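Letters go in sequence order (proteins before strands), and every chain restarts at 1. Scope of the values below: all heavy atoms of this structure, side chains included, with no hydrogens, waters or symmetry mates. Worth saying up front: this structure is predicted, and the values here are computed from it rather than measured.
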Number of protein chains: 2
Amino acid sequence: MTSKARRADRREQALSQETIVNAAIRLLDEAGEGGLTFRALAERLSTGAGAIYWHVANKDALLVAATDRVISGAIADSARAAAASETIRAVAIGVFDAIDAHPWVGAQLARAQPPSPMLKIFERIGRAVERLGVSYAGQFSAVTTLVNYILGVGSQNAANAVHAKTHWSQPNRREFLSAMAGAWAALDADEYAFTRTMAAPLREHDDRAHFLAGIELIVAGIQHSA
Amino acid sequence: MTSKARRADRREQALSQETIVNAAIRLLDEAGEGGLTFRALAERLSTGAGAIYWHVANKDALLVAATDRVISGAIADSARAAAASETIRAVAIGVFDAIDAHPWVGAQLARAQPPSPMLKIFERIGRAVERLGVSYAGQFSAVTTLVNYILGVGSQNAANAVHAKTHWSQPNRREFLSAMAGAWAALDADEYAFTRTMAAPLREHDDRAHFLAGIELIVAGIQHSA
DNA sequence: ACCTGAACACCGTTCAAGT
DNA sequence: ACCTGAACACCGTTCAAGT
């Protein structure tokens, strides 16, 4: 038995970029952004902290790789859609649901740069916008509007989810929207007069449907001016 | 001479929430998110790290207070505007410029919750939307659309700015957009076929004007359906 | 080539002790 | 009441030493 086989015995899988990123995603899902630690990761992989550095440059690169994997999976089957507007819808909802399932992705997407997870979304949406028949001059604006919307709403949702889990330990969306509505209703009557009146709409709010409605609106606007 | 006076002698100002938050903002502006350290802050205030904890609960609270001060200042004179649509424009551009001047604010705004900097923006925009004559049923959607847009574009800009400063050390906006365009043009020809064609528009892109155009579009849409 | 785990230089936060 | 600064429990990262 080689020493490598002996090591492979102690952990379930061989150590590799892929194994490490998978374990990182699991850790992030379970314990949030603060839960990802080289020590915790090493323990879960039955190895030393330093071993991870042979496969991954540093923590930032690991975070990017984890985000990239989640997003790549989320937009993978958007290519199957026939119509260009279908593709846009599929990418949008894919990213929305991915952030909902992995809230830490929201904060990450607003961060990194080329070639990054965000750029993949940009490219995918861009090709669809092209197919939509938008003129070259209008493409940049159309794509950035869509991507900004998707990332903006996504990170806001993620922030809410993280906050709800941290401060009110509300696991599902309906419950944390309700808890947030309660917090809004309790705000100062003068300083937050308007926000208080929005507590009721917030409680009944279906953010996924609202998100999709926004996408429809923007797509319609793009097609109208195309 | 009292001991308090002697201490006040060693530092320029008395230690207080305000002094601490001011020093924190300066530190964040100069050295970025990673530059804010209790030790660095203590040294700058000529005191011990522990002293800060008498005035501030923890680092997170300090970050919220710093963000709150910047945002409060940015939207302060938006109340002077006569027309409701003017107020919306003033808030939007105020937040945009504040994030441009203090990139770390972008990441912070997407984070915290009630009563937080983001809620102040929500309240201010909300009152303007009310004045615009939007029906109660339409207010929630109108306000969240605007706030999402403002925060989404803002944090994206901030991320770009942080990235440009870290990786290309480009200080001003035109230069980092140009550097980013260069990076886009160098992307893989197959995988990023669309993104590469957007390098030229990106280079000539005026993000502030584009941001304002988006606000106009949304406001027009709200007024049209109001 | 790949892994180990101790060591280094840092953090945020606490707290007994001072004034 | 307010401040001091050492101490604690952590980090990310490196690296000599192993296989």
Closer to the 5' end of DNA chain C via nearest nucleotide, is it A:G50 or A:W54?
A:W54
Apply salt bridge (Lys or Arg N to Asp or Glu O under 4.0 Å) to the pair A:R39 and A:E43, showing each step before the final yes or no.
CA-CA 6 Å; A:R39 279 167 241 268; A:E43 195 187 5; over 6 Å; no
Would you kindly give the NE2-to-P distance between A:H55 and D:dT13, to the nearest whole Å?
16 Å
Side chain of B:Y53 (C-beta onward), nearest among D:dC3, D:dT14, C:dT13:
C:dT13
Nearest-0.5 Å distance that lies between atom CH2 in A:W104 and atom CG in A:L109
9.0 Å
Paired stems touching DNA chain D, three or more consecutive Watson-Crick or G-U pairs with both distances under 3.5 Å?
C:4-8 with D:12-16, C:12-16 with D:4-8
When rounded to the nearest 0.5 Å, the distance separating NE2 of B:H55 from CG of B:L62 is 12.0 Å
To the nearest 0.5 Å, tell me how far B:N157 CG sits from B:I99 CD1.
8.0 Å
With rounding to the nearest 0.5 Å, note down the distance linking CD in B:E191 to NZ in A:K120.
6.0 Å
Closest listed nucleotide, where the reference is the side chain of A:L15 and the choices are D:dC2, C:dC3, D:dC3:
C:dC3
Rounded to whole Å, please give me the gap between CG in A:L41 and C1' in D:dG12.
12 Å
Could you list the residues that satisfy ring-ring contact (aromatic ring centres under 6.0 Å, His included) with B:F211, not counting sequence neighbours?
B:F96, B:Y149
Considering residues, nucleotides and ligands other than A:E33, do more than 12 of their heavy atoms fall under 6.0 Å from its CD?
yes
Give the residues of residues 27-40 of chain A touching DNA chain C, defined as any heavy atom closer than 4.0 Å, sorted by residue number.
A:R39
Examine distances only and state if a side-chain atom of B:R124 and a backbone atom of B:V91 form a donor-acceptor pair shorter than 3.5 Å.
no
Winner on side-chain proximity to A:K59, out of C:dT13, D:dT13, D:dA1, is D:dT13
